[in-house]
Amino acid sequence: MDKYNEDKYNKNKKKCSFRMLCYELRNINGNFMTHFFGIVFPNIMCLLVSTVIGKQVPDAVRSEVTVSVVICMALIMPMSIMFLGYGSLYSQEVEREIPQRMRLFGFSEKSLITAKIIIHLLFLTGAMLLYAVVQSLLLDIPKPALSSLLILLMSLYLIGVLFMVIVHSMANIFRRFSVTFGVSMSIYFLLMMLTGMMGISTDKLPMVWQRIARTLPMTYISNDFAEFWQGGSYNFMPYIQSCIFMTALTGILAMYAQYRGRRVRK
């Protein structure tokens, strides 16, 4: 393709539009896994765990334990919506070669991914708002400091975006729904176990698993963020290092998926 035709082709590419957003919204609303694991599951788990554990601890620390459970179970939402939910949808599209067909109709890959990111972030925001309302009404949660709440929200969005890139790359590498779904589901429950979301404290795991867990930002969120929920100091350096490490791994995986995709197209 010469320079003139290439510029004309790029100019005629369809950009992210309201219709594309509506299309992605219909996709995500038709996905049972996104609704169950992203909305129903964290709310039920939070209520059950906080009720059971709350009866076993003294009144003096019950409030702190409740906050810890609420923060811990909030991590399920970005992991479920942006990892399991998006992975199941996108891997099916890749297997059916839908992205290639969309490109033939003039939709650029950038516009397709932009629409997916916007809708999934909006869905994640709605799920977090619903989670906050339900847990505030049913549990006695102390009012957080504004800085603590903002740090938690930014962390959840960051983790959600990273998981979305990870599973997007996995889908492009495996190119099959069954393999992508099986691997992502295994990673999902493994991470829940390592970071304390399955009821097993991280410090009670074998030393090898503890070292792996310390490289994950979810570990610090679920175990430490309750300490400064109402303000106070906290050493963020280990948490920041884990975020950098996870971002680097995500970037490496994304570059490998892009390289593999170019080889497949050739």
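Side-chain atoms are counted along with the backbone in the values below, which use heavy atoms only and exclude waters and symmetry mates.
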**Request:** Could you tell me whether a side-chain N or O of Ser169 sits under 3.5 Å from a main-chain N or O of Val165, the two making a donor and an acceptor?
**Result:** yes
**Asked** Hey, any chance Leu138 and Leu48 share a hydrophobic cluster, counting ILVMFWY side chains that come within less than 4.5 Å of each other, even indirectly?
**Response** yes
**Prompt:** When you check the side-chain N and O atoms of Asp140 and Thr66, is any donor under 3.5 Å from an acceptor?
**Reply:** no
**Asked** Just how far is it from atom CE of Met82 to atom CE of Met77, taken to the nearest 0.5 Å?
**Response** 12.5 Å
**Message:** Are the side chains of Met79 and Met192 in contact, using a 4.5 Å heavy-atom criterion?
**Reply:** yes
**Item:** pair Phe181-Met170: side-chain heavy atoms closer than 4.5 Å
**Value:** no
**Message:** Rounded at 0.5 Å granularity, tell me how far NE2 in His168 sits from CD in Gln258.
**Reply:** 9.5 Å
**Item:** Same cluster (ILVMFWY, side-chain, under 4.5 Å), Trp229 and Phe236
**Value:** yes
**Request:** Could you note down all residue pairs passing side-chain hydrogen bond (donor to acceptor under 3.5 Å, both in side chains) where residues 231-249 supplies at least one of them, sequence neighbours left out?
**Result:** Ser155-Tyr239, Asp224-Tyr234
**Complete:** Rounding to 0.5 Å, atoms CD1 (Ile166) and OG1 (Thr250) come to a distance of 3.5 Å
Which pairs would a plain distance check flag for residues 123-136, meaning a side-chain donor or acceptor within less than 3.5 Å of a matching protein atom at least two apart in sequence or in another chain?
from, atom 1, to, atom 2, distance (Å)
Thr125, OG1, Leu121, O, 2.8
Thr125, OG1, Tyr157, OH, 2.6
Tyr131, OH, Val70, O, 2.7
Gln135, NE2, Asn43, OD1, 3.0
Ser136, OG, Ala132, O, 2.6

**Asked** Any sub-3.5 Å donor-acceptor pair from Glu24's side-chain atoms to Ile119's backbone N or O?
**Response** no
**Prompt:** Hey, does the side chain of Thr202 reach the backbone of Leu194 with a donor-acceptor pair shorter than 3.5 angstrom?
**Reply:** yes
**From Ile44 atom CD1 to Met73 atom CE, the distance as rounded to the nearest 0.5 Å** = 12.0 Å
**Request:** Answer whether the closest heavy-atom distance between the side chains of Phe163 and Pro78 falls below 4.5 Å.
**Result:** no
**Item:** Atom pair CG/CD1 of Leu156 and Ile221 - distance to nearest 0.5 Å
**Value:** 6.0 Å
**Request:** For Ser68 and Glu64, indicate whether the former's side chain and the latter's backbone hold a donor-acceptor pair under 3.5 Å.
**Result:** no
**Asked** Can you tell me how far the CD1 atom of Ile159 sits from the SG atom of Cys243, to the nearest 0.5 Å?
**Response** 6.5 Å
**Sidechain-backbone polar pair: Asn172 side chain, Ala257 backbone, donor-acceptor under 3.5 Å** = no
**Message:** For Cys72, is there any backbone N or O sitting under 3.5 Å from a side-chain donor or acceptor partner on Ser222?
**Reply:** no
**Item:** Test item: side-chain donor near acceptor, Thr195 and Tyr220, under 3.5 Å
**Value:** no
**Message:** Between Lys116 and Glu93 (salt bridge meaning N to carboxylate O under 4.0 Å), is one present in this structure?
**Reply:** yes
**Message:** A side-chain contact here means heavy atoms from C-beta on lying under 4.5 Å apart; do Val183 and Phe174 qualify?
**Reply:** yes
**Message:** In this structure, is the centre-to-centre distance between the rings of Phe83 and Tyr86 below 6.0 Å?
**Reply:** no
